[in-house]
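Proteins get letters first, then strands, A, B, ... in listed order; numbering begins at 1 in each.
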Amino acid sequence: MEKLILIDGNSIIYRAFFAMPPLTNSSGMHTNAVYGFTNMLLRLIQEEQPTHMMVAFDAGKETFRHEGYQEYKGGREKTPPELSEQFPLLKELLDSFGITRFELKGYEADDIIGTVSRQADESGRQVIVVTGDKDMLQLVSDNVKVSLTRKGVSEVEPYGVQEIQERYGLTPAQIVDLKGLMGDTSDNIPGVPGIGEKTALKLLHQFGSVEEVLARTDELKGKQKENLINHAEDARMSKRLATIFREVPLEHLWDDMAFSGLEEEKAAPMLRKLEFKSLIERLSFTAGPNTGEKNANPAHEAEPIHVTVVDEAGIDSLKGKLGEIEVLHVETNGDNPHHADIIGLILSSKDSHYYISSELLKHPAGEPVRQWLADAKAPKKGYDLHRIDLALHWQGIVFEGAAFDIQLAAYLLDPTENNQTLSGLASKYELSFLAPDDEVFGKGAKYKVPDTGVLSLHLAHKAAAAQKIIPLQEQELEKNEMNRLFFELEMPLSRILADMEKQGIAVNREDLQELGKEFETQIRRLVQHIYELAGMEFNINSPKQLGEILFDKLGLPVIKKTKTGYSTDAEVLEKLAPYHDIVQSILEYRQLAKLQSTYVEGLLKEIRPETGKVHTYYRQTIAATGRLSSQYPNLQNIPIRMEEGRKIRKVFVPSEPGWHILAADYSQIELRVLADISGDERLKEAFVNDMDIHTKTASDVFGVPPEQVDSNMRRSAKAVNFGIVYGISDYGLSQNLNITRKEAAKFIDQYFEVFQGVRKYMDDIVKEAKRDGYVTTLLERRRYLPEINASNFNLRSFAERTAMNTPIQGTAADIIKLAMVLMNDVLREHGLKSRMLLQVHDELVFEVPEDELELMTKLVPETMERALSLSVPLKAEVSSGLNWYEAK
DNA sequence: ACGATCACG
DNA sequence: ACGTACGTGATCGTG
């Protein structure tokens with residue numbers, strides 16, 4: 001049977017462009033949209049086996065639609081150049097695939113497709129139209145189906161007459177009436193004000209068409225009636241604009257569109273030029289000489305796989321095989337592992353996969369599996385063992401013996417990779433295709449666990465991918481000299497973090513609520529005051545409304561603009577304070593509103609009723625520098641700088657009566673690290689003599705004795721020191737100190753005159769990054785900087801600052817991680833009951849029984865200071881009290 | 001879903 | 001001439 005596929009070229013390439021991450025080949029051509037398009041083409045060809053194909057493009061700026069309505073498609077953003085340059089590539093690719101393409105001056109792709117589909121339909125042929133544009137649904141008939149792209153272009157959703165009826169309750173012909181009423185902002189089609197999709201559908205269900213609605217407005221009432229009467233002509237015009245013209249003068253012959261499959265000798269060179277290596281392999285074309293080595297793992301579609309669904313009766317036979325298990329996979333749902341359900345579990349040996357349902361896992365019959373999970377001598381390899389540990393913990397299941405975490409390895413191998421999922425790794429290592437979880441489960445509100453058959457198969461595929469990924473990662477870790485970083489630091493730390501999180505930190509709910517009431521009173525007072533000064537009520541939380549009040553109504557000077565309008569951030573408000581009393585009140589309101597919503601209400605929501613504690617989730621694979629991050633709640637940004645906010649810390653208390661909170665933080669750890677890695681003698685000397693570093697810097701830079709450094713000089717020096725750590729720029733420093741760029745440049749110059757070793761380090765590290773494409777920390781943690789050689793000044797400068805900052809921030813992160821692992825051993829060796837609870841980048845927080853307080857006060861800073869030996873001493877300062885506020 | 005804002009190191 | 005300090009997460013309003 002003959003089958004024609006018609007593709008809306010413009011629509012698909014746009015969607016592909018925005019759905020795909022940026023991608024360029026080695027000569028710098030952008031190729032992401034073409035890549036997405038090609039992927040979709042290959043999928044379509046394979047799944048639909050078309051006999052005929054055609055891709056239509058828009059041609060020319062003006063179409064016949066502009067004759068009646070100049071604003072048609074007005075207000076559209078210009079096509080980004082990164083996309084424009086891909087059109088010729090796409091056309092060349094289509095030619096190499098032997099797929100006909102067509103464009104006609106004055107007509108849009110829609111009209112060409114409309115015409116060809118009508119002709120094919122009339123001769124009784126099957127047609128599939130592929131587009132991202134819902135308007136095209138009007139073309140549907142018994143012979144014509146329209147496939148709309150979903151989630152970018154990776155998948156399509158076919159619509160026939162029945163699907164449109166189910167989704168909208170309309171016939172295909174009524175789609176234009178829908179558009180006529182609701183309009184379309186992307187095409188600048190006005191529609192009728194106040195009518196969106198919901199209302200439009202209701203009206204069409206009642207009246208059937210735009211004309212009928214307009215003829216019978218007397219059956220409607222209120223604003224809706226008024227709008228329909230006043231905008232009747234808009235509605236008619238919108239309908240006309242949305243109607244696809246199906247009589248384009250085409251003399252296109254059916255035979256021209258014939259498609260008989262890809263020819264390797266034509267398609268392969270083009271794919272090579274684009275460097276679509278995985279696609280070449282997917283088509284089992286040979287890679288060719290210019291793409292280099294043969295790949296050991298050619299990409300196929302998903303491999304067949306067998307999974308044994310273990311039931312109660314099957315547990316016994318599984319028992320004997322537990323010793324052979326190489327990999328486990330535990331599927332959990334949700335973002336917060338402290339509140340996750342177990343969806344299912346896979347145990348994989350060399351050649352078998354066993355699926356265990358979450359019910360069986362918790363059932364008495366599941367005991368052998370639980371014992372295995374709890375057996376520290378049974379090594380576990382898998383993806384995100386930290387999350388698994390936490391999820392199992394809250395189900396009362398013990399997890400021990402973590403030996404290799406794929407996610408953690410992926411993070412070390414490339415901490416900036418944003419798709420560190422198993423599916424993403426399978427594609428990185430060019431393994432057989434692994435469906436992304438979103439596709440299997442759906443995401444957000446649409447998340448749904450499929451039935452056991454589909455679920456067990458998907459999870460088995462994930463475990464199988466894990467089995468293949470692990471040896472590849474082991475090789476790569478070895479090659480990058482990251483074995484110690486991985487096995488001796490990050491893996492042990494992962495377990496320590498899980499223990500800290502399970503322990504949690506107690507929060508005094510009543511005190512927090514009391515604090516909330518105090519804030520509430522002050523907020524109410526401020527709101528009233530602000531309304532009075534403004535002369536009206538408005539939403540102070542809305543930067544838009546606030547901007548209108550300050551700049552339009554009160555006429556204050558505009559200091560700064562954002563993309564979307566006036567800027568009203570604290571920096572701007574500070575400058576406006578002298579002009580009007582309202583500004584100070586707004587600043588105070590902002591501060592209190594933040595405390596109330598984020599720290600009082602937000603924290604209260606995170607207290608677990610059963611423990612009275614908050615259990616944060618430290619993420620070990622997020623920050624590009626090697627730092628941890630903290631979520632649900634974030635306990636690394638609890639206020640401290642302002643006294644009002646600092647009070648929040650009073651509600652963090654010991655979880656046992658008579659215990660204390662003890663906190664210790666590294667003093668100037670980043671500058672000490674800089675002193676070490678730069679080898680700058682002057683900076684080192686400052687730390688060897690334990691001087692006040694900002695005063696010392698000021699004294700050296702301004703050439704005065706330390707006694708003569710005033711507070712202003714010290715403040716400037718402090719800002720310069722920060723700037724140095726961040727990868728300094730004169731502009732950044734000038735912003736921070738509120739001075740001119742020239743003055744800032746002079747400061748920096750003077751600084752580098754004095755600290756010449758630091759200057760040399762900054763120059764060298766940037767050179768190193770340009771040469772290697774990455775920078776490293778003292779423990780060989782690595783961060784790639786692909787933009788370090790970019791021609792775009794902004795991208796390149798950013799990469800250069802990152803090259804300067806990452807070894808400093810990253811080495812500091814290495815050090816406190818070492819301290820945590822060491823501290824864990826020290827606590828055990830001394831048989832202490834004290835517990836490590838929190839890490840805040842350069843600070844560790846513990847809860848300590850009274851009788852251990854004295855020892856811990858010595859032990860903690862000592863341990864932190866000996867975590868790593870540098871050419872300058874590390875210094876940690878300790879303090880304790882009855883809550884976190886007092887431990888300062 | 002995304003930008004603006006602001007909390008921390 | 002270019003136009004920015006480094007690294008995070010939570011909340012709110014808005015499209």
Side chain to side chain, [X] and [Y], heavy atoms closer than 4.5 Å:
X	Y	value
A/Phe798	A/Ile788	no
A/Pro639	A/Tyr599	yes
A/Gln750	A/Val720	no

- So, does A/Lys817 use its side chain to make a donor-acceptor pair with the main chain of A/Gly626 at under 3.5 Å?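 Yes, because the side chain of A/Lys817 sits within donor-acceptor range (under 3.5 Å) of the backbone of A/Gly626.
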- Message: Closer than 3.5 angstrom, by distance alone: can the side chain of A/Asp680 be matched with the main-chain N or O of A/Val758 as a donor-acceptor pair?
- Response: yes
- Query: More than 12 non-hydrogen atoms from neighbouring residues, nucleotides or ligands closer than 6.0 Å to OH on A/Tyr531, yes or no?
  - Reply: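 Atom OH in A/Tyr531 is packed in, count exceeds 12.
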Partner residues of [X] under the side-chain hydrogen bond (donor to acceptor under 3.5 Å, both in side chains) criterion, sequence neighbours left out:
X	answer
A/Lys767	none
A/Arg801	none
A/Arg714	A/Asp692, A/Thr695
A/Arg781	A/Glu490, A/Asp814

- Query: Mapping A/Phe793 and A/Arg627 to their closest nucleotides on DNA chain C, which lands nearer the 5' end?
  - Reply: A/Phe793
Under 4.0 Å between any heavy atoms, over every strand shown, what does [X] touch: base, sugar-phosphate, or nothing? Just pick one.
X	answer
A/Arg641	base
A/Gln735	nothing
A/Ser630	sugar-phosphate
A/Ala812	nothing
A/Ile808	nothing

- Message: If I take atom CG in residue A/Asn637 and atom P in nucleotide C/dT11, what distance separates them, rounded to the nearest angstrom?
- Response: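 Rounded to whole Å, this separation is 10 Å.
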- Rounded off to whole Å, could you give me the OH-to-P distance for the A/Tyr726 and C/dT8 pair? 13 Å
- Message: Suppose we screen for ring-ring contact (aromatic ring centres under 6.0 Å, His included). Which residues come up paired with A/Tyr411, at least two apart in sequence or across chains?
- Response: none
- Integer angstrom distance from the P of B/dG3 to that of C/dT4: 15 Å
- Pick the P atom in B/dT5 and in C/dA5, then give their distance to the nearest Å.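 Comparing P positions in B/dT5 and C/dA5 gives a spacing of 14 Å.
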- Message: Counting only heavy atoms and a strict 4.0 angstrom limit, can you tell me which residues of residues 615-623 of chain A come near DNA chain C?
- Response: A/Ile622, A/Ala623
- Note on the structure: So, with a heavy-atom separation below 4.0 Å from DNA chain C, the residues of residues 593-601 of chain A are A/Lys594, A/Ser597, A/Thr598
- Walk along DNA chain B from 5' to 3' and tell me the first and last nucleotide with an atom closer than 4.0 Å to a non-hydrogen atom of chain A.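 That gives a stretch of B/dA4 to B/dG9.
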For nucleotides 13-15 of chain C, list the nitrogen or oxygen atoms of the protein found under 3.5 Å from its nitrogen or oxygen atoms, one pair per line.
{"residue": "C/dG13", "atom": "OP1", "partner": "A/Asn539", "partner atom": "ND2", "Å": "3.0"}
{"residue": "C/dG13", "atom": "O3'", "partner": "A/Ser542", "partner atom": "OG", "Å": "3.3"}
{"residue": "C/dT14", "atom": "OP1", "partner": "A/Ser542", "partner atom": "OG", "Å": "2.6"}

Cationic N near anionic O, under 4.0 Å, [X] to [Y]:
X	Y	result
A/Glu886	A/Arg649	no
A/Lys134	A/Glu157	no
A/Glu643	A/Lys647	no
A/Lys770	A/Glu800	yes

- Hey, does the Lys NZ or Arg CZ of A/Arg741 hover above the aromatic six-ring of A/Tyr731, less than 6.0 Å from the centre and inside 45° of the axis? no
- Message: Among residues 562-572 of chain A, which ones have heavy-atom contacts with DNA chain B below 4.0 Å?
- Response: A/Thr562, A/Lys563, A/Thr564, A/Ser567, A/Thr568, A/Asp569, A/Ala570
- Donor-acceptor pair present, A/Ser629 side chain and C/dT8 base, under 3.5 Å: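 In this structure, the two groups form no donor-acceptor pair.
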- Does A/Arg801 place a side-chain N or O at less than 4.0 Å from the phosphate oxygens OP1/OP2 of C/dC6?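 For C/dC6, OP1/OP2 do have a side-chain N/O of A/Arg801 under 4.0 Å.
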- Can you sort out the partners of A/Ser238 under side-chain contact (heavy atoms from CB on, under 4.5 Å), two or more places apart, ordered by chain and number? A/Ile189, A/Pro190
- Message: Does either side chain, that of A/Thr562 or that of A/Ser567, offer a donor lying less than 3.5 Å from an acceptor on the other one?
- Response: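 No pair is found: no donor N or O on one side chain lies under 3.5 Å from an acceptor on the other.
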- Between which residue ranges does DNA chain C form stems of three or more consecutive Watson-Crick or G-U wobble pairs, both distances under 3.5 Å? B:1-9 with C:6-14
- Task: Measure centre to centre between the rings of A/Tyr632 and A/His615, then say whether the value is under 6.0 Å.
- Result: no
